[in-house]
Amino acid sequence: MANKKENGYLTSKEIRAISKENRRITGEMEKKWKRKNVPESEYITKMRDPQNAVEFDDLHSYFYTDSGVVKSVDGVSFDVPIGKTVGIVGESGCGKSVTSLSLMQLLQRPQGQIVSGEIRLNRGGKVYNIANTPQEIMQDLRGNAISMIFQEPMTSLNPVFRIGDQVDEVIALHEGKGKSKEEIRRQTIEALELVGIANSEGVAKMFPHELSGGMRQRVMIAMALACHPRVIIADEPTTALDVTIQAQILDLLRDLKDRINASIMLITHDLGVIAEMADYVVVMYAGRVVEKGTAEEIFYHPSHPYTLGLMASKPVVGRKVSELYSIPGKVPNPINMPDYCYFRDRCELKLGCCDGEYPHEIRLSDTHVVSCYRYYEEHKDEAKMNTNSNLIKTAEIAASREEVKEDA
Amino acid sequence: MPNSDYILEVKDLKKYFPIKGGYLDRKVGSVKAVDGVTFSLPRGTTMGLVGESGCGKTTTGRTILRLAGEKTGGSVLFEGKEVYDLDKKQMRALRTKMQIIFQDPFSSLSPRLPVGEIIGEAVKEHNIVPKAEYEEYIDKVMDECGLQPFHKSRYPHEFSGGQRQRICIARALALNPDFVVCDEPVSALDVSIQAQIINLLNKLQEERHLSYLFISHDLSVVEHISDSVGVMYLGNLVEYGKKEDIFRNPLHPYTKALFSAIPNPDPHAKMNRVVLEGSIPSPANPPSGCKFHTRCPYATERCKTELPIQREMEKGHFVSCHEAK
């Protein structure tokens, strides 16, 4: 890595050297990706567990920028079971969206590349390894097998086309072979009705600006579901919406998921939304999974200090605190990641052993996995000593909530 | 004699925007963005204003600051003086006393000015401090808001969202205001950054005895930061009172629905949700009578015709609903 001057800026000479190297690396990857007639053996694999819709296995997605390589996703593994909702939480820049974009192969090429690891997509008969799937095949998978609901309904719809035409386009592209315009339009109207748009024929003739935010988000969902995908990625689907509309959209998503037995990957930073929707939760920090488990495990027994910090920093209606907890410091520079635990410098519960290499995953139960030295067998005693923190209280409050529930 | 305990008194404030169209671009109607809002804000406290988007929260904030052109009706008394009666020169002087922090820290900072100038521009303009102390003063303000002195020569694009919001806060506070309108200051930020900014706002309030009008759609944030809460629906303040009263005992059906829609970070929590059908009606053509009757589960014939007046149900707890008991 190039020498950093004191002010943190690179010289233009250094930048030129980096971008030359980047072009060499990404050029090779692009060539591979654009090949035609790739033999199936290169991208067809087997699922570890056929009950899963998607398996992420040690995924690494990097961005080759002019100031260095940004390891946005750095060894992420988790499963999305069929018919379940997996929530991914984390701050912006932690790699949530990049993980999901990798699954769609929608990373900004050529800078953004899946460098290593596997993403296995279960498509009934065949299992695809998305990391190696060439462009041609990918176009068939997108929309049909996986589809995505984007974050901002305001900017993801094209303002110069009518709603109906935009949904038509999706259907024509993916399922349109041999269908007449009328048939496609009928399917569009059905898709709009499915998401609870009452005046669907009227709405199909409208432009996006004539609709409210909630309605636009419904249109986005209709577009995503138009071709009956098995996996739906919802990237902050309700962040731009009001609470009352958010409640409507969440109800809709839950209802639709059950009806078409799809899996949802729900990306959000709102823990409330996650608790309501998700069966499994994955907590990400700086490109890695720090904790994953079922929703109950994460919310009643949060274990990683970062998860605890997230919970403590969110104000909750009905819970009084004089001052909100805020995680000190900030996310490390993604270009120069430290070689110890990424959270160590912000962690209030750090131990002496945290200076060592990045902690590996520790299993607390069959489903609950955490990457933290506090749960290593040999450090458990030390962890018990260091309990003088607000964070521990948060953990206790969380655990006590479950006891209350069990009593009731 | 106005009550000097209150820094701000708003009475029956109205702001309509004209809709132009047709032949010769004549006025064909109006959007009733703010339609009769009454509240008063004691000095050194925070009032939270909640509601769905399009309900007039932001317009209320801007109208109070006289940033949205002329008001349509009602009065805004700032420290006992009617804001809209001041001439240009007096208004200019008053601007330093009332400031605003905007929602989106990405678009409310000029990309072409270094941070030091963004914060200092108004300080120079209003001669807040003598020239000799200027640099020192900017450093001090930046330090209070958690920014480093070397940030001064950097440009906004070099900062993260949370830090940009700190710059916006520093810009507002550099003028030594008494009253700050915070228009969704944390909506665009991550949870952990949100907590930092909320704590910062609280700290600054204590140190400088500031009064805030805190506009947000996030009820949990509003509950945390506010002393009193106002709930707006379609230009009306439907419920208003002390935070404890509103959250413990919401009276207006809209407030109840709003509260039940908050997602609870507890997977086992049973939801007794009052789900509101449809979306907010157009403010250009609001429903007759109580504006909420089209979505209200308890609406009666009376609600369709008669506009409810604001009633005081408990001490300091006002609600505009015929059916509230």
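Letters go in sequence order (proteins before strands), and every chain restarts at 1.
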Exercise. By a 4.5 Å heavy-atom criterion (distance strictly below it), what part of A:Glu91 contacts chain B: side chain, backbone, both, or neither?
Worked result: both
For this session: May I ask you to check whether over 12 heavy atoms, not counting those of B:Lys203, lie within 6.0 Å of atom NZ?
Result: yes
Exercise. Do other residues, nucleotides or ligands put more than 12 heavy atoms under 6.0 Å from B:Glu206 CD?
Worked result: no
Exercise. With a 4.5 Å limit on heavy-atom distance, are the side chains of A:Gln246 and B:Pro263 in contact?
Worked result: yes
Exercise. Would a 4.5 Å heavy-atom cut-off, applied to side chains only, mark A:Pro315 and B:Glu223 as touching?
Worked result: no
For this session: For B:Asn199 and A:Leu324, indicate whether the former's side chain and the latter's backbone hold a donor-acceptor pair under 3.5 Å.
Result: yes
Exercise. Which one, A:Met277, A:His269, A:Gln248, leads in non-hydrogen pairs under 4.5 Å with chain B?
Worked result: A:Gln248
Exercise. Of the listed residues (B:His217, B:Gln194, B:Gln196), which shares the most heavy-atom pairs with chain A below a 4.5 Å separation?
Worked result: B:Gln196
For this session: Taking atom CZ of B:Arg112 as the centre, report whether more than 12 heavy atoms of other residues, nucleotides or ligands fall under 6.0 Å from it.
Result: no
Exercise. Does atom NZ of A:Lys314 have more than 12 heavy-atom neighbours from other groups under 6.0 Å away?
Worked result: yes
